[in-house]
Amino acid sequence: MSRIVKHPAIALLDSGITFKEVRQIHAKLYVDGTLKDDHLVGHFVKAVALSDHKYLDYANQILDRSEKPTLFALNSMIRAHCKSPVPEKSFDFYRRILSSGNDLKPDNYTVNFLVQACTGLRMRETGLQVHGMTIRRGFDNDPHVQTGLISLYAELGCLDSCHKVFNSIPCPDFVCRTAMVTACARCGDVVFARKLFEGMPERDPIAWNAMISGYAQVGESREALNVFHLMQLEGVKVNGVAMISVLSACTQLGALDQGRWAHSYIERNKIKITVRLATTLVDLYAKCGDMEKAMEVFWGMEEKNVYTWSSALNGLAMNGFGEKCLELFSLMKQDGVTPNAVTFVSVLRGCSVVGFVDEGQRHFDSMRNEFGIEPQLEHYGCLVDLYARAGRLEDAVSIIQQMPMKPHAAVWSSLLHASRMYKNLELGVLASKKMLELETANHGAYVLLSNIYADSNDWDNVSHVRQSMKSKGVRKQPGCSVMEVNGEVHEFFVGDKSHPKYTQIDAVWKDISRRLRLAGYKADTTPVMFDIDEEEKEDALCLHSEKAAIAFGIMSLKEDVPIRIVKNLRVCGDCHQVSMMISKIFNREIIVRDRNRFHHFKDGHCSCNGFW
DNA sequence: ATAGGGTTAG
């Protein structure tokens, strides 16, 4: 048997390479006879196939010219396809192995890549078949395969199966345990994930990252940051991947100071700023309301991908800079970056916040016509919102009637909000009824419906709505505001008195109320009627969570520091008005991120111009 | 000659 020496030209293919170069190398190898050796063809096929998904078809052509493809070459094709956009093609090459008669037999590599292909496909049946096959062929004791199966079942959402596989392994190594930590966290059992993590005899940086991202992905951002601190205490080396999860936790919390600290940590420790990491930074600053900094990072990036552009576009739309969002979208296209379905959600929202109906419609149409993207439910939702906000309620209704899929509650919710804003009782009633058909327990729909009736002084119906709400036992998701002061995250719940400085907050709020009343403020009582429980209403000190947060901000932050609040629900009309007034009376900038967008309150105005 | 666990946008 001859020794296999890799051709130097093949080594060139390891890094990013243009198609032209691939062809040149191919020609060279053909001419010098290298491709007569099937083993070397295997090398070449692997190098081409793995260097870029775009070259997969070409790699296949090379393979087809091979007299007898080697198992290595076919495995390489399976491997390259299983992480491509078309994992199903992996099975074509598996069939080629099987149809080669006795010449070739699937080995542990083959099954491992097939398991990964199933993971990419997220197809239960296929996954189960491949699992059965690994057992039949006796590869279910292979640690790589076992770990792959755990990841597969996690992707399928079958936590039970993950446990079965995991429990069948007598002594799982730390790679396998890490996969299991991720599997549990993704499938919703973050408590067990933590238990496994704590029980690991050996934890490398990847295991730590799995735990941090596990918490970040289920929204337990504070615990994610806690684990990150533990990681540092233990002296584990932190890398860029961990920092992505850390930044993402800060983003969720709206913890700008901690996010800034993480950013400087990255720079201090010379952690390589990849496109992904920088994109996360753009998202961090955008979602913490510091759009200037977000764009500074964005423009500073040498390489940007569709995620990067989409983050920036989303940030601009969320922060109310609709026109800038649309300008940036043009630049994106000029730059040759192809927008995808996610990008269009941000673009359509950008149009929405500035009321550019026609332009929004044009972009919507361009999805299919120019980019071949079939608009999804979300896009129709944006379109309805676009027309509804602009007051074109009838157009919004006709879109809902004509959309090719069943409208979801959010679509009706857009119409409902707009109906109230434009005082269209009839449509408001229709929208809330439709909304409640879809989500019987939607507190917001009841509140808005009752507000609509209250607006038109229809008190019979107000009490009717109220009763049906009670009889159905609808409970409000408790309002919660989060605010960071001196790098510490404070949480405020509606009517909650547990904050250590509650007494002081209460006193400050009383002072604020007094000055608001002096300035002519009258409480908007309609939302109050339904936004709070009986018990709370009797309590003179009841505050929506953002009011408590604002009071705490005023007493804890210097005057020139903006008060930044993240809220889990939409801001109510009363809080919105109060925030505008406080921004003027106290000369404070208040930045509230609610469920959907930002409100930048300054000098008595809000960036949303009353549309939210 | 090849393989398993962690990461970004709605």
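Quantities reported herein were computed from a predicted structural model and do not represent experimental measurements. In what follows, every chain begins at residue 1, and chains take the letters A, B, ... in the order their sequences are listed.
Side chain Asp173(A) to base dG5(B): no donor-acceptor pair is found below 3.5 Å.
Across dG4(B), dT7(B), dA9(B), the shortest atom-to-atom separation from the side chain of Asn314(A) is found for dA9(B). The side chain of Lys83(A) lies closest to dG4(B) when the candidates are dG4(B), dA1(B), dT8(B). Minimum atom distance to the side chain of Ala341(A) is reached by dG10(B), of the listed dT2(B), dG10(B), dG6(B). Here dG5(B) is the nucleotide among dA1(B), dG10(B), dG5(B) with the atom lying nearest to any side-chain atom of Thr178(A). Nearest to the side chain of Val345(A), among dT7(B), dG10(B), dG6(B), sits dG10(B).
In this structure, CZ of Arg597(A) is placed 14 Å from P of dG10(B), rounded to the nearest angstrom. Spacing between atom CG of Asn209(A) and atom C1' of dG6(B) amounts to 5 Å, rounded to whole angstrom units. Between the C1' atom of dG4(B) and the CZ atom of Arg79(A) lies a distance of 12 Å, rounded to the nearest Å. Between Leu281(A) atom CG and dA9(B) atom C1' the separation is 14 Å, expressed in whole Å. The nearest whole Å value for the distance from the CZ atom in Arg186(A) to the C1' atom in dG6(B) is 9 Å. The NE2-P distance, from His379(A) to dA9(B), rounds to 16 Å in whole Å. Rounded to whole Å, the distance from CG on Asn340(A) to C1' on dT8(B) is 12 Å. Remark: C1' of dG10(B) and NE2 of His408(A) are 11 Å apart, rounded to the nearest angstrom.
His599(A) and Asp594(A) form a side-chain donor-acceptor contact under 3.5 Å, judged by distance and modelled atom types alone. Looking only at atom types and distance, the side chain of Thr280(A) has no donor-acceptor partner in the side chain of Asp283(A) under 3.5 Å away. Defined by atom type and a distance below 3.5 Å, a donor-acceptor pair is missing between the side-chain atoms of Ser311(A) and Asn314(A).
Legend: ring-ring contact (aromatic ring centres under 6.0 Å, His included) pairs involving residues 271-290 of chain A, not counting sequence neighbours, sorted by first then second residue: His263(A)-Tyr285(A). Within the structure, the salt bridge (charged side-chain N to carboxylate O under 4.0 Å, His left out) test picks out no pair touching residues 165-190 of chain A (sequence neighbours left out). Applying the salt bridge (charged side-chain N to carboxylate O under 4.0 Å, His left out) test to pairs two or more places apart or on separate chains, those with a residue in residues 148-168 of chain A are Arg122(A)-Glu155(A).
Within the nucleic acid shown, Asn75(A) comes within 4.0 Å of at least one base atom, counting heavy atoms only. Across all strands shown, Ser311(A) has heavy atoms under 4.0 Å from sugar-phosphate atoms exclusively, and none from any base. When heavy atoms are screened at a 4.0 angstrom cut-off, Asp107(A) is found touching base atoms of the nucleic acid. Contacts of Arg177(A) with the nucleic acid, taken as non-hydrogen atoms under 4.0 Å apart, are absent. Among the atoms of the strands shown, base atoms are found under 4.0 Å from some heavy atom of Phe174(A).
For Trp309(A), the ring pair (Phe, Tyr, Trp, His ring centres under 6.0 Å) test picks out Phe298(A), with sequence neighbours left out. Considering only residues two or more places apart in sequence or on other chains, Phe93(A) meets the ring pair (Phe, Tyr, Trp, His ring centres under 6.0 Å) condition with His81(A). For Ser76(A), the side-chain contact (heavy atoms from CB on, under 4.5 Å) partners are Lys46(A), Phe72(A), not counting sequence neighbours. Evaluation of the ring pair (Phe, Tyr, Trp, His ring centres under 6.0 Å) rule for His163(A) yields Phe192(A) as partners, not counting sequence neighbours.
Because its NZ or CZ atom is not both nearer than 6.0 Å to the ring centre of Tyr109(A) and within 45° of the ring axis, Arg79(A) does not count as a cation-pi partner of that residue.
Look at Arg362(A) and Asp365(A) and you find no salt bridge, because none of the NZ, NE, NH1 or NH2 atoms lies under 4.0 Å from a carboxylate O. Between Glu198(A) and Lys195(A), no side-chain nitrogen of the basic residue sits less than 4.0 Å from a carboxylate oxygen of the acidic one, so the salt-bridge criterion is not met.
Contacts between residues 284-306 of chain A and DNA chain B, counted as heavy-atom distances below 4.0 Å, involve Lys287(A). Of the residues in residues 213-227 of chain A, those with a non-hydrogen atom less than 4.0 angstrom from any atom of DNA chain B are Ser213(A), Gln217(A). Residues from residues 135-158 of chain A that place a heavy atom under 4.0 Å from any atom of DNA chain B, listed by number: Asp142(A), Pro143(A), His144(A), Thr147(A), Ser151(A). The stretch residues 108-119 of chain A touches DNA chain B through Asn108(A), Tyr109(A), Asn112(A), Phe113(A), Gln116(A), each having a heavy atom within less than 4.0 Å of the strand. Remark: Asp204(A), Ile206(A), Ala207(A) in residues 194-208 of chain A come within less than 4.0 Å of DNA chain B through at least one heavy atom.
With Phe344(A) as reference, Phe371(A) is the one residue of Tyr380(A), Phe364(A), Phe371(A) to meet the ring pair (Phe, Tyr, Trp, His ring centres under 6.0 Å) rule.
Counting heavy atoms from C-beta outward, Met231(A) and Ile212(A) have side chains that approach closer than 4.5 Å. With contacts defined as side-chain heavy-atom distances shorter than 4.5 Å, the pair Met295(A)/Lys324(A) does not qualify.
Checked by atom type and distance alone, the side chain of Arg203(A) pairs as donor or acceptor with a backbone atom of Phe197(A) at under 3.5 Å. Between the side chain of Glu67(A) and the main chain of Asp38(A), no donor-acceptor pair closer than 3.5 Å is present.
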